[in-house]
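Report on the following structure.
Only this structure's heavy atoms are used, side chains among them; waters, hydrogens and symmetry mates stay out. Note that this is a predicted model, so its numbers are computed, not measured. Residue numbers start from 1 in every chain, and the chains themselves are labelled A, B, ... in the order their sequence lines are given, proteins ahead of strands.
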Amino acid sequence: MPYDPRAIEPRWQAYWLEHETFRCEVDSTRPKYYVLDMFPYPSGDGLHVGHPEGYTATDIVARYKRMRGFNVLHPMGWDAFGLPAEQYAIKTGTHPRITTRRNVENFKRQIQALGFSYDWSREIDTTDPSYVRWTQWIFRLLHERGLAYEAEVAVNYCPALGTVLANEEVIDGKSEIGGHPVVRLPMKQWMLRITAYAERLLADLDELDWPEPIKKQQRDWIGKSEGARVRFSVEGRPGREVEVFTTRPDTLFGATYLVLAPEHPFVEEITTPERREAVRAYVEAAARKSERARMADAREKTGVDTGARATNPCSGESIPIWIADYVLAGYGTGAIMAVPAHDERDHAFALAFGLSIREVVKGGDVSREAFTGDGIAVGSGILDGLATPEAKRRITAWLEEKRCGERAVTYKLRDWLFSRQRYWGEPFPLLHEPDGSVRLLRDDELPLLLPDLDDFRPAEGGGTPLERATDWIETTDPVTGARARRDPNVMPQWAGSCWYYLRFCDPTNDRAPFSPEAERYWMPVDLYVGGAEHAVLHLLYSRFWHKVLYDAGLVHTKEPFSKLVNQGMILGSSYRYWDDNLSDDPEAKPRVHPTTDVRIDGEHAIAIDDGREVKARWVPVKDVRFGPEKTPFHPTIDGLVLEEVVEKMSKSRGNVINPDEVVAHWGADSMRLYEMFIGPLEKAAPWSTEGIAGVHRFLQRAWRLVIDEEAPDEPVRELPTGSGTPEQARLVARTIAGVTEDLENLAFNTAISKLMVLARDVAKEAPLSRDAAETFLKLLSPFAPHLAEELWNRLGHAQSIALEPWPSADPTLLVADTITLAVQVNGKRRDEIRVAADADAATVEAAALAAPNVVRHLEGRAPKKVIVVPGRLVNIVG
RNA sequence: GCCGGGGUGGCGGAAUUGGCAGACGCGGUGGCCUUAGAAGCCACCGUCCGGAAGGACGUGCAGGUUCGAGUCCUGUCCCCGGCACCA
């Protein structure tokens, strides 16, 4: 029988499970290696081919490290709280718990069919009461440490949908779904004080082996800026001071007006009677706009004068106070001093409203545009003649001395809005007492589980789904005996993923989230692989929780994830054409156009022949007909050529590849190998069916290397003992060294190409030796574990190849006795010479000068200079 | 606009960091095997000139440094990702 993955793969998957081959335990006598995938949300659609890319990479590393003698922790679990299951529940009434269980089973089946070496005894599910308990326990810890608090926060509320929406779900002040109006409404929310950790979250990035772009995104998100706070007294209101934050205190003499955010607490009070009307209208309009909408029309500066005036603490000058929505309430002090000469936004605003512009730093033409660079201070009293950095120091000292300002650091990072008006999440482990206080539940009251509901919609009048469970919300506090209310919100999906990597260390502990012994042994995560889309959310939130746990003495490392790698996306080919059925009328008989007859004009696509607007239509890959030369055609409209577009896989494009089908057709080993061979792990690459056929052929070749398919009963070939010819031994040694190095660098694609070379050449001149065959299988086993196990077994080994030690290369075989050197004349390759590997420069030079083509090109001239690069080449300049 | 990353054959991608550009795979062409197909195996495939030997050109574009540049420097164009009134 030829290589048949369908026969061998399920057998080995069952073997690994049954023998618990990959189970691991704390073992202080051995070095540990913790390799982790970002655990998935088990969606109803199941796995797509993008998931296994990262999982395959970590699996290869896990298997390799085990063979290198490491005690490897390689777990998998489910980030199972989340919105899709809840939306499904609203539609069908099916409890999210049922949906989640079904989806988890499907994900697990798909993941196991790929032969990953997870320790399944450590599987965790964030919705499991035994997990929720400890998530709630950690929330209580945060609360005890003063890091969780309730606050009135403006949220996006959509009355028509009866729910609160995330910023991303609001577009131009309307709901993304249905286009209903959205208002900003203050609601009482749980907040986490992540800002208290801003400095450490920033500083500790330096020690992490993470992709630089991710670190940069986190730095930008935290957004540290250094400058000064300055207080301006409000004229006519003694004791009232507007505090502003600026990174350019040196430009204080150029401040020609102040601007408050429309939400600033002073607005109401300081506005003069004659300006009241205009100010109120502006504030209301700003409140209606979502933050996103405010950013959308950022170009046009709007604002109104409050009529109030402030005194510049330095110059004593009287300047107007305006409000404008280009000043954000949530950043700094919610107020700025405007220096139009040296800030682009202030410049634009000053031009729009005819406010004065005063140059205080030399270097530009401030009547034309703001000069934001450093320069020499002018018109600034005590600062005149100073360069910007020195001017900053001088003025800050002056402000501190006069007590009207001080050095200050501000962060863009805001506290984390931690409650969601949803059902399918962790309930808050606390009671609201009649006196307004909050009592956190004790250990013996945890976990607090969700009540069962029949209707999962938000409650009437802006309430949360949990408010439908009145006898769950209204309860009695067993401690005080008084009536108390449970919190109607749940935690966001990020909560469970903030600490799951710690639970994996000790997943069944029922006395603590994890034991100190397990944490001390397994942490930190040595390699963490996942998508870059979590750059700031999950990866920042979990770093925050980790630092809190560190301060509480529960973990011993400052950071959870030592090394992070982002896998690239696997792209799909989609096929499109165009038609003029813009309204998607199902009855219409539209005119259709291939892409070659369409031109894109800004936002619109126009048919070239009749100038009418057309809309893209996508044909699912499986329906496309391929003509000669692989030209894609529409399935039913004859002669309509489709355009191939390579892009992210998505249902709407019909270009999603299902791993189940790939495994059924080619086998898990081919799928694993293909996803690793397609290119570097970090890079996006298109899926190709021809490509997978290529790696499948390689596995067939590997099979035939060991199995004699020609002979009756297809026995294992006769493999001579020993290591074969010197050439074979050298090839094997080179492959060991190369594959090992590539694995250390996570360069899976080049490792596979080296294995292909070995399979192609190793039995060319002489029969394959037993040593070479066994070494090859060991090197192949992390990539194609099923095939490797099967052949290893047929070679007569009773124990799993996964438990074999990794081969090491004989260093003496890595250096050849004779080597080929290229010989260049004036930098152009003209000939080559074979010399002893240890030949000295003089010998090499002589041989190079004697090479026939070199002699020809020198045409009798004496070489001016000869450069010998040992082991590489000789360049003759003549 | 700002900040990252990147432009190498028909395609995915290699190239030990300044030393033989195009490994490996896909795709293509020709051949072997076969009753035939499939599969498999072998050879060739950057472009141009040439029957060949060989030569010229060649890593987005234009310069530069160097004995030698895909790799370093300057300028420039394009693509992908992130951020976008954060004072």
Throw together a table of side-chain donor-acceptor distances under 3.5 angstrom for residues 252-259 of chain A, partners on residues two or more places apart or in other chains.
residue, atom, partner, partner atom, Å
Thr256(A), OG1, Ser356(A), O, 2.8
Tyr257(A), OH, Asp346(A), O, 3.0

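- Scanning all heavy atoms of the two residues, the minimum distance from Pro211(A) to Asn566(A) falls at CG-OD1, 3.4 Å.
- Side-chain atoms of Asp742(A) do not come within 3.5 Å of backbone N or O of Phe748(A) as any donor-acceptor pair.
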Summarise how protein sits on nucleotides 39-59 of chain B as a single string, 5' to 3': B when a protein heavy atom is under 4.0 Å from the base, S for sugar-phosphate-only contact, - for no contact. -SS------------SSSS--
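- Between Lys683(A) and the phosphate of G13(B), there is a side-chain N or O to OP1/OP2 separation shorter than 4.0 Å.
- Separating the C1' atom of C78(B) from that of U66(B) is a span of 29 Å, rounded to the nearest Å.
- Between G12(B), G19(B), C85(B), one nucleotide has an atom nearer to the side chain of Gln824(A) than all others, and that is G19(B).
- Nucleic acid contact for Lys412(A): base, since at least one base atom lies under 4.0 Å from a heavy atom of the residue.
- Base pairing annotation: U47(B) forms a Watson-Crick or G-U wobble pair with A56(B), both donor-acceptor distances under 3.5 Å.
- Across every strand in view, A14(B) sits unpaired, with no contact that passes the Watson-Crick or G-U test at under 3.5 angstrom.
- A donor N or O paired with an acceptor N or O is found under 3.5 Å between the base of C85(B) and the side-chain atoms of Lys301(A).
- You'll find that the side chain of Met756(A) is closest to C24(B), out of G19(B), G13(B), C24(B).
- Annotation: cation-pi pair Lys301(A)/Tyr326(A) present, NZ/CZ under 6.0 Å from the ring centroid and within 45° of its normal.
- Between the OG atom of Ser574(A) and the CZ atom of Arg653(A) there is a distance of 6.0 Å, given to the nearest 0.5 Å.
- Tyr674(A) and Trp666(A) have their aromatic ring centers separated by at least 6.0 angstrom.
- Across G19(B), G25(B), A14(B), the shortest atom-to-atom separation from the side chain of Thr750(A) is found for A14(B).
- Rounded to the nearest Å, the gap between the C1' atom of G18(B) and that of C44(B) is 33 Å.
- At a threshold of 4.0 angstrom between heavy atoms, the contacts of Ala684(A) are confined to the sugar-phosphate backbone, with no base atom among them.
- Here the nucleotide nearest the side chain of Lys216(A), chosen from C3(B), C85(B), A87(B), is C3(B).
- Heavy atoms of Asp220(A) sit nowhere under 4.0 angstrom from any nucleic acid atom.
- Contact annotation: Ser225(A) reaches the phosphate of A87(B) (side-chain N/O to OP1 or OP2, under 4.0 Å).
- Remark: Asn749(A) is in phosphate contact with A14(B), judged by side-chain N or O atoms under 4.0 Å from OP1 or OP2.
- Under the Watson-Crick and G-U wobble criteria, each requiring two contacts below 3.5 Å, nucleotide A84(B) is left unpaired.
- Relative to the side chain of Arg872(A), the nucleotides U16(B), C85(B), G12(B) differ in distance, and U16(B) lies closest.
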With a 3.5 Å cut-off and sequence neighbours excluded, list the donor-acceptor pairs that the side chains of residues 870-878 of chain A form with protein atoms.
residue, atom, partner, partner atom, Å
Asn875(A), OD1, Gly827(A), N, 3.1

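- At the heavy-atom level, Ile678(A) lies under 4.0 Å from the strands shown only through sugar-phosphate atoms.
- Here Tyr331(A) reaches the OP1 or OP2 of A87(B): one of its side-chain N or O atoms lies under 4.0 Å away.
- Using the Watson-Crick or G-U wobble rule with both distances under 3.5 Å, C20(B) pairs with nothing in any strand shown.
- Here the side chain of Tyr326(A) is nearest to one of C85(B), G27(B), C67(B), namely C85(B).
- Comparing Val695(A) and Glu832(A) by the nucleotide of RNA chain B whose heavy atom lies nearest to each, the residue mapping closer to the 5' end is Glu832(A).
- Taking 4.5 Å as the limit, every side-chain heavy atom of His857(A) sits out of range of all side-chain heavy atoms of Asp831(A).
- Using the Watson-Crick or G-U wobble rule with both distances under 3.5 Å, U65(B) pairs with nothing in any strand shown.
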